[in-house]
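Remarks on the structure that follows.
This one's a predicted model, so the numbers in the text were calculated from it and none came from an experiment. Atoms within each ligand, like the ligands themselves, are counted from 1 in listed order.
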Amino acid sequence: MVSNELDVLRGEIEKVNMQILDLLNQRGSIVQQIGKVKETQGVKRFDPVRERQLLDLIAENNEGPFETSTLQHIFKTIFKASLELQKDDNRKSLLVSRKRKPENTVINVKGELIGDGNTHFVMGPCAVESYEQVREVAKSMKEQGLTLLRGGAFKPRTSPYDFQGLGFEGLQILRKVADEFNLAVVSEILNPNDLEKALDYVDVIQIGARNMQNFDLLKAAGSVNKPVLLKRGMSATIEEFMYAAEYIISSGNDQVILCERGIRTYEKATRNTLDISAVPILKKETHLPVMVDVTHSTGRKDLLVPTAQAAIAIGTDGIMAEVHPDPAVALSDSAQQMDIEEFNEFMDKVRPNQFIHS
Ligand code: PEP
Ligand code: MN
């Protein structure tokens, strides 16, 4: 008899639970609609005055048996979950998101289809120093069957007294050498005002880590019809990285390649800490190709091969690394650049067997 009564009460609880569940989800859909209205009106999602009103309303109408404070605590949890729901909704609609575009973006740079599932290599010196220097690297790249030549002409140096790059003269050298070997030029642009002119020389515009949140530059790069290689800021979260790419795409250019290049942490054994898990996260959350820069992330030549292998294993679309004919005399990043022999060894070790270059 007693156990029968318990069963009945439990049955009632289940029914009420289902009603609460249904009501919570009904509330959730209204919250999503509110989120959309707020987005179009540019109104902030979190409204503390409104939240206070709702909590007061609960206090006024509470007839027990629960304490008002207990109920307010429960409702605050509901409010928080609702805010999260609006946030998720917002992210769902980002142009970079895979939810928005399920298929991979594949970017054609001189016949290299970045994002096609193969590993592509962006190699070249840290900075363009001379025609001969770039040519020697380009020649060895050609021999390896590679196409994507990198080199900095505008260098974002920590110290204003360090070599700042050759500027447009450097871009001209890159173009000349690239044309000689039928390669594509990847080079960093620092100033939005230089972008237009740089288009005559580069095939891929690189936006460096230090400029990942230079919103004017991002918007300018978004207004041109050239692929952009966007590097992760050294203290940027993955979400901030995605929003930076969103700036470019929402300005009209959907040819964006993301590049993980290590982030600042307390660890001193490497120059930066390579956030390897960023690769599958970005591949999952976005439809964009994701590369890994093994040179600037590690800052150590002895780690280039293992980190490149790890990047390939975890699904990167490409590897970036620096190569210099004589790293000892390089004007920047002297310690971390490979010489030609090391570059050839690197390629032998990391080139995936299934990937045959023509
Ligand atoms: C570079 O690739 O030349 C460079 C400066 O790298 P980062 O912006 O990642 O520091
Ligand atoms: Mn460098």
Q | Ionic contact status for D203 with R175, cut-off 4.0 Å | A | yes
(Q) Just to confirm my output: which protein heavy-atom neighbour is closest to atom 6 (O) of ligand 1, and how far is it? (A) K231 NZ, 3.0 Å
Q: Check R150 against ligand 1 and report side chain, backbone, both or neither, counting heavy atoms closer than 4.0 Å.
A: side chain
Q) What N/O/S atom of D333 gets nearest to the Mn ion (ligand 2)? A) OD2
Q. Closest non-hydrogen protein atom to atom 9 (O) of ligand 1, residue and atom name please, with distance?
A. R261 NE, 2.6 Å
**Q.** Angle, SG of C126 through the Mn ion (ligand 2) to NE2 of H296 - 10° precision
**A.** 160°
Q: Number the atoms of ligand 1 from 1 as they appear, then name those within less than 4.0 Å of a heavy atom of Q206, with their elements.
A: 1 (C), 2 (O), 3 (O)
Q. So is K155 in contact with ligand 1, going by heavy-atom distances below 4.0 Å?
A. yes
Q | Enumerated ligand 1 atoms positioned under 4.0 Å from heavy atoms of R210 | A | 7 (P), 8 (O), 10 (O)
Q | Nearest-contact summary for atom 5 (C) of ligand 1 - protein heavy atom, Å | A | E188 OE1, 3.8 Å
Q) Closest heavy-atom contact between L229 and M291? A) CD1-SD, 4.1 Å
Q. Which atom, among the N/O/S set of E322, is closest to the Mn ion (ligand 2)?
A. OE2
**Q.** A209 N/O under 3.5 Å from ligand 1 N/O
**A.** yes
Q) Going by an N to O cut-off under 4.0 Å, is there a salt bridge joining K176 and E180? A) no
**Q.** Pairing of K38 and D47 as salt bridge, 4.0 angstrom limit
**A.** no
**Q.** Test item: side-chain donor near acceptor, H296 and D333, under 3.5 Å
**A.** yes
Q) Do R27 and S82 have side-chain N/O donor and acceptor atoms under 3.5 Å apart? A) yes
Q | Over all atoms of both residues, closest heavy-atom pair of F154 and G167 | A | CE2-CA, 3.6 Å
Q: Find all atoms of ligand 1 within a distance of less than 4.0 Å from any non-hydrogen atom belonging to H296, and give their numbers and elements.
A: 1 (C), 2 (O), 3 (O), 4 (C), 6 (O)
Q. For K76, does the NZ atom have more than 12 heavy-atom neighbours from other residues, nucleotides or ligands under 6.0 Å away?
A. no
Q) Can the positive tip of K197 be found less than 6.0 Å from the middle of the six-membered ring of F168, inside 45° of the ring normal? A) yes
Q) What atoms in ligand 1 come closer than 4.0 Å to a heavy atom of G208? A) 8 (O)
